[in-house]
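The sequence lines fix the lettering, A, B, ..., with proteins before strands; numbering per chain opens at 1. All heavy atoms count here, side chains included; hydrogens, waters and symmetry mates do not.
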Amino acid sequence: MTELLKISLPDGTVREMERGSSPADVAAAIGPGLAKAALAARVNGEVRDLGRPFDGDAELALITARDEADALELARHDFAHVLAEAVQALYPGTQITFGPATDDGFYYDVMAPASRDPFSSEDLPAIEEQMRAIIKADKPLRREAWPRQKLIDKWEADGEAFKAEWAKELPENEELTVYWSGDDWLDMCRGPHLPSTGKLDPQAFKLLRVAGAYWRGDQSNAQLTRIYGTGWLNKKQLKQHLHNLEEAAKRDHRKLGREMDLFHLQEEAHGSVFWHPKGYRIWRELEAYMRRKMDKADYREIKTPQLMDVRQWEQSGHWGKYAENMFAVPDMVPEVSEDEGNAAPTVAADADWMAIKPMNCPAHVIVFKQGITSYRDLPIRLGEMGCCHRNEPHGALHGLMRVRQFTQDDAHIFCTEAQVVEEVRAFCELANSVYQDFGFTYHVKLALRPEKRFGSESDWDKAEQELRDAVAEAGMANEEYGWEELPGEGAFYAPKLEWHLTDAIGRTWQVGTIQGDRVLPDRLDATYVGEDGARHRPVMLHRAIFGSYERFIGILIEHYAGRLPVWLAPVQAVVAPIVSDIDGYAQEVEAKLKASGIRVTSDLRNEKINYKVREHSLAKVPHLLVVGKREAEEGSVAIRTLGEKEQQVMSLDDAVAMLTLAATPPDLRSNLDTDAA
RNA sequence: GCCGCGGUAGCUCAGUGGUAGAGCGCGUCAUUGGUAAUGACGAGGCCGAGAGUUCAAUUCUCUCUCGUGGCACCA
């Protein structure tokens, strides 16, 4: 007589099942509805195939479409397999590699057969159709354990060089799992999978694009074709996602930057921004805001040279590591060719080289080193709106988000070891207050020592622990703040805390950082005199909150979809007279608002009010002040606020007061409130 | 830097082996109209750069360049 297995269910009941039975049998025993709805199973916490027999007594939770996160992950993984199967069915000789689920779908990396060109987006409709056929065929997905060698032999026999390479590197003597799709196709995979392809909704996925991707993510390897798709549980979810993509495209900062006349980019200075008056107004407001914040937090602002001798960068270690991404300039008068038409200058062989700064740190150390610093002077916080240049790989450039010239809201805090935790904690609060002012939520992450690094292990131990402690003291080392440690992600000289903002449509952006550096003070020989009269090394904290003005403005444009808060809006109000008889009054209104510091213009053009309303609404001007005969007689204005349906008619004085309040930057607002109280 | 796709009027884009088109925008004129496009007329292009094929290239080929979707990189 065989012993029965005890299977505990989430509701507390225990079912006895025969040995060899699987979650699918439990589902069937409970009822046909559940048997049909079940997609996979959580067995002792691990997601497994529905049909995989229990190993012994177990806690079981059946996964259905209502367990959305698990179900999506499974479906996307299966979509990836179906994609690979479809591609091989259509184009025999295609090599498959691997294809995981992503945040919104899946991809699979494949190598097209030598007989044809790499896949292009034109191939996608045919592949989609083939995928639907596979889903419709409802092929069972069956798990099987194979000896490693058998699998290697199979891949080699099939000409699957990538799969064979991969299998060879998996641990020897270990059984590998494969998944059959029906009886005619299989892929090596850890699983788990849905019971059959028919569990996928053929209307819930869409192939989006193809792209190049390196085998195993390494630039020196073969380049594969990555086919991207988005995959969901049902058609409604897919539609919603495609809609969200469209909405995201509408708020693209490059598009809005042009439409709102904020900035432009052009070939002659690729990767550097031409700021137009309206865009630079945003910059100036942000800069003024950040200066107030930093002044208040006892930072002292400095300005350091754009060009420094290359030897300085050799000493800091940057030249050795990043020379190819730095701009170097010969320190000489260029020899101009006799030929007037040919302006190419020649560089003398013995020219000294200067480099344009890619970062501000070494210059800040140089400022710190002037004179003799006592421990009594620490901490010293040196801030700079530092304009830096980095020669980024061309493929990396992207609008304002990744540029070759950028300005950081940079600062370096020089302090004693004993002061580090408190300084970092205070920074956490400062960063928090800034991000809140822009309506961002954020996650804090700690990037730990990378493989290639300078400095001793004990220093790294200390530096990492200090950052941990500081975040804990700030009360942010918890789930609410998405606290997480990222092994290997730190900079070569220091671990870093990273602030990842979540914007209005849920995307995340890494902006802020603080890094506890003991390497650079050492390399550049920074010291202070301690209580004991001896020289000591300060710890140097590198920190930024916006990151760079360019990128932060790009993020703000997308976050607000161009509808910037009044204090940042380049034009805060437009006065629009209805008939030209009222132009005089309109100008009076404009003058009064201007006198109160409001950024306002009058639109006196010979156009209908409808036209003006439309135009300024599209230009995302927060307040439109319409004035006609009525308003001119009453000394009032009709205010139309962007995004609101109803207009408000109020006296000119009230309008000035209202707009002045609306235009007050968030950090100055609390003062107003206190004054009023 | 690598793979794919692009570059035509200020913007969005159509088109062609015989040197070009639309809409919006811009200018002029008429119109003075109460909350998302008043009408008419007009100006505006070395069709990204260079080379090749051709009687002829914006169109076909190659190289370069910039942009773009990814990859890799991001001090």
Side-chain angles (χ1 to χ4, degrees), chain A residues 107 109 112 117-123 208-228 252 254-255 258-259 261 264-271 313 316-326 357-362 388 390-399 401-404 406 408 450 452-454 489-494 496 510 513 515 517 519-520 542 547-548 551 576-583 605-619 624-631 638-640 642 645-647 649:
Chain A
Y107 67 79
D109 287 348
D117 292 334
F119 300 109
S120 73
S121 46
E122 285 167 21
D123 299 310
L208 295 177
R209 56 179 165 265
V210 297
Y214 300 105
W215 168 234
R216 314 182 76 162
D218 186 334
Q219 202 166 353
S220 56
N221 287 340
Q223 186 141 23
L224 310 165
T225 304
R226 177 167 296 178
I227 302 176
Y228 277 96
D252 188 312
R254 295 165 299 185
K255 180 172 175 283
R258 197 168 42 238
E259 288 173 2
D261 192 19
H264 85 274
L265 296 149
Q266 70 179 50
E267 288 196 36
E268 286 74 7
H270 79 276
W313 298 104
S316 68
H318 292 96
W319 189 254
K321 203 158 162 68
Y322 294 108
E324 62 186 23
N325 294 319
M326 289 171 65
K357 69 175 170 186
M359 51 169 13
N360 309 300
C361 332
C388 299
R390 294 180 188 174
N391 197 353
E392 302 284 3
H394 288 194
L397 300 177
H398 179 94
M401 301 303 189
R402 190 85 180 267
V403 286
R404 302 208 299 177
F406 54 91
Q408 299 174 314
K452 287 183 188 164
R453 57 180 180 263
F454 290 168
E489 302 274 314
F492 73 90
Y493 53 79
K496 39 178 187 178
Q510 200 235 298
T513 185
Q515 308 161 6
D517 179 10
V519 172
L520 209 55
H542 307 245
S548 88
R551 193 168 120 95
I578 294 168
V579 292
S580 53
D581 290 354
I582 307 301
D583 286 0
R605 291 176 303 171
N606 175 12
E607 296 291 351
K608 289 188 173 174
I609 193 64
N610 284 338
Y611 183 90
K612 293 181 186 178
V613 167
R614 177 181 156 81
E615 185 153 290
H616 298 300
S617 299
L618 290 175
L624 186 60
L625 280 57
V626 177
V627 291
K629 290 198 177 85
R630 226 157 40 219
E631 287 77 10
I639 299 189
R640 188 186 161 113
L642 190 64
K645 285 192 183 127
E646 297 295 312
Q647 64 166 351
V649 181

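Between H318(A) and A75(B), a side-chain N or O to OP1/OP2 separation shorter than 4.0 Å is absent. Distances shown here put every side-chain N or O of H394(A) at or beyond 4.0 Å from the OP1 or OP2 atom of C73(B). The side chain of R605(A) contributes no N or O atom lying less than 4.0 Å from OP1 or OP2 of G33(B). Here Y107(A) does not reach the OP1 or OP2 of G69(B): none of its side-chain N or O atoms lies under 4.0 Å away.
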- Scoring nucleotides 39-51 of chain B by protein non-hydrogen atoms under 4.0 Å (B base, S sugar-phosphate only, - none) yields -------------
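The CZ atom of R390(A) sits 13.5 Å away from atom CZ of R404(A), with the distance rounded to the nearest 0.5 Å.
Of the residues near RNA chain B, D581(A) and K645(A), the one whose nearest nucleotide (by heavy atom distance) lies more toward the 5' end is D581(A). Ranked by how close their nearest RNA chain B nucleotide is to the 5' end, N391(A) and V613(A) are led by V613(A).
Side chain of R254(A), nearest nucleotide from U32(B), A36(B), U68(B): U68(B). Distance from the side chain of Y611(A) is smallest to G25(B) among G25(B), G33(B), C71(B).
Y322(A) qualifies as a stacking partner of the A75(B) base, centre to centre under 5.5 Å and near-parallel within 30°.
Across all strands shown, I609(A) has heavy atoms under 4.0 Å from sugar-phosphate atoms exclusively, and none from any base. Counting any heavy atom pair closer than 4.0 Å across all strands shown, L397(A) reaches sugar-phosphate atoms only and no base atom. No contact: G317(A) has no heavy atom under 4.0 Å from any strand.
Within a 6.0 Å radius of CD in E122(A), other residues, nucleotides and ligands contribute 12 heavy atoms or fewer.
Under the Watson-Crick and G-U wobble criteria, each requiring two contacts below 3.5 Å, nucleotide U68(B) is paired to G4(B).
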